[in-house]
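So you know, we letter chains A, B, ... as the sequences are listed, proteins then strands, and number each from 1.
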Amino acid sequence: MTTTALPRWIEVRVLAPQGWCELVAETIAIGPCTTVAFGRPSLATEEAPDGFDFVRSFIPAHADTAFVRARIREALRALPETTGVDDLKDLDLEFRPLAPEDYATSWKKSWKPFRVGRLCVIAPWSKSTPRATDLVMRLEPGGAFGSGRHATTRTCMKVLLDRVKGGERVLDAGSGSGILGVTAALCGARSVFGFDVDPNAEPYSNELAANNNVAKLCRFKTAGFESLSGTRGEWDVVLANIYSDIIQSHAGDLRDALSPSGWFAFSGCPSHHADPTRTTILAAGLRIDEERVRGRWHTFVGARGR
Amino acid sequence: MAKEITGKIKLQCPAGQATPAPPVGPALGSYGVNIAAFVKQFNDATRAQQGLIIPVEITVYKDRTFDFILKSPPASVLLKKAAGVESGAGNVGTQIVGKVTRKQVEEIAKTKMVDLNARDMAAAMKIIEGTARSSGIQVEG
């Protein structure tokens, strides 16, 4: 698509006294555009002076007429009189044309594929060509869930790539986007069960599994640790990339879920929580074989037995 | 794990009708946020309120994920509701379309206190009263 085909917009920018931004927004949102933004237009724009904030509305270029601009000027000019508030006199008003851009797709430019070992994580629209020996995960980035770039997620993914041999039954406690469960399935796990209390997680992770052709191996559910009740030693791999206080309070449940010959990876633990988390894991009758540290995040890998 | 916040974006969008057009596109795009995902989630969350303008505060994290909270409706909407009128005055300054009591102004000021960034209740009430006058709504008492 050429830039000439893209719609053009005019930004209507007012520097308004804080507290009055809503009313100013209503005043300048005239015509076809009713959406308004508050705050600094970009990181390159100077901060508004103390006590003021930017209020911005937008007019499509085809509707940007002298008449519309006059209406906005007049409405702003009338504000001190209609409100009885002198603070609203002589507000700075600017009309700025924006460079044409396809906003529905331009944000995608900032998303680059990334690699964890031989696993290449790419967006569905990515044109990158993975190596023949790569595992490939297609992931729609930037929604409510992480995109696998967090240190704890990457470490867990690397642990899975290093340790999954094929045929394992995997439990993912606090599965979120499902990225770890799907990684395990791509690595050859026989089955994956993930649960998360966030109701948005289940559809997102099921879609991720489907998009990566492992839906038959994966089951994700909206649930908490109660979903483990009655299960003992069923899982060859137990993953928990969650808040470390939850790991601490459910260390016993996680241990019980682990098969006698299985292994675990617990992550999401910041440095200042590492000591109590380590102590709790050991006290639960688990053994720590490895502690991987990435930035300030600790990941504990181990098995049953002291 | 606690996620690092890289930005907060405040918008007002028509319920159920947000689009990637400005300001949504440039505001979120500058942080690398999935604009289509926000538009879909916002529209799903506000579909039942079609016809209203909904203030929304979006928090963007370092991994470019986001979440958002819907804020209280604009003061003018609350005032019209309190006054029992459909729309504000066409001829502001000369036309009175409805009335609210000082008590109602105080209630609205309480609701809007955080959003208005007002330093105290008196300042918040002054803003609500000004908004009422600007909408052709008279404050009684």
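Rounded to the nearest 0.5 Å, atoms CG (B:Leu116) and CD (A:Gln18) are 11.0 Å apart. Rounding to the nearest 0.5 Å gives a distance of 11.5 Å between SG of A:Cys21 and CG of B:Asp115. To the nearest 0.5 Å, the span separating OG1 on B:Thr131 from CD on A:Glu26 amounts to 8.0 Å. Rounding to the nearest 0.5 Å places CH2 of A:Trp20 at 6.5 Å from NZ of B:Lys126.
Contact detail for B:Arg133 and A:Thr82: the closest heavy-atom pair is CB-O, 2.9 Å. Contact record, B:Gly130 with A:Thr83: O-CG2, 3.3 Å, taken as the closest heavy-atom pair.
Between B:Pro23 and the options A:Leu98, A:Thr35, A:Val36, a side chain to side chain contact (heavy atoms under 4.5 Å, CB included) holds for only A:Thr35.
Around atom NZ of A:Lys108, more than 12 heavy atoms belonging to other residues, nucleotides or ligands sit under 6.0 Å away. For A:Glu81, the CD atom counts as loosely surrounded, since its 6.0 Å shell holds 12 or fewer non-hydrogen atoms of other residues, nucleotides or ligands. With a 6.0 Å radius and a threshold of 12 heavy atoms from other residues, nucleotides or ligands, B:Arg47 has its CZ atom above the threshold. Within a 6.0 Å radius of CG in B:Asp44, more than 12 heavy atoms belonging to other residues, nucleotides or ligands are found.
Using a 4.5 Å heavy-atom threshold, the side chains of B:Ser134 and A:Leu79 count as touching.
Counting heavy-atom pairs closer than 4.5 Å to chain A, the top residue among B:Pro20, B:Ala124, B:Pro55, B:Ala18 is B:Pro20. Of all the listed residues (B:Pro26, B:Gly29, B:Ala132), the one sharing the greatest number of non-hydrogen pairs under 4.5 Å with chain A is B:Pro26.
Contact annotation for B:Ala27: neither backbone nor side-chain heavy atoms come within less than 4.5 Å of a heavy atom of chain A. For a residue to count as touching a neighbouring chain, one of its non-hydrogen atoms must lie under 4.5 Å from one of that chain's; by this rule B:Lys40 does not touch chain A. For B:Ile35, the parts sitting under 4.5 Å from any heavy atom of chain A are the backbone and the side chain alike.
Looking only at distances, no side-chain donor or acceptor of B:Gln12 sits under 3.5 Å from a matching main-chain atom of A:Ala25.
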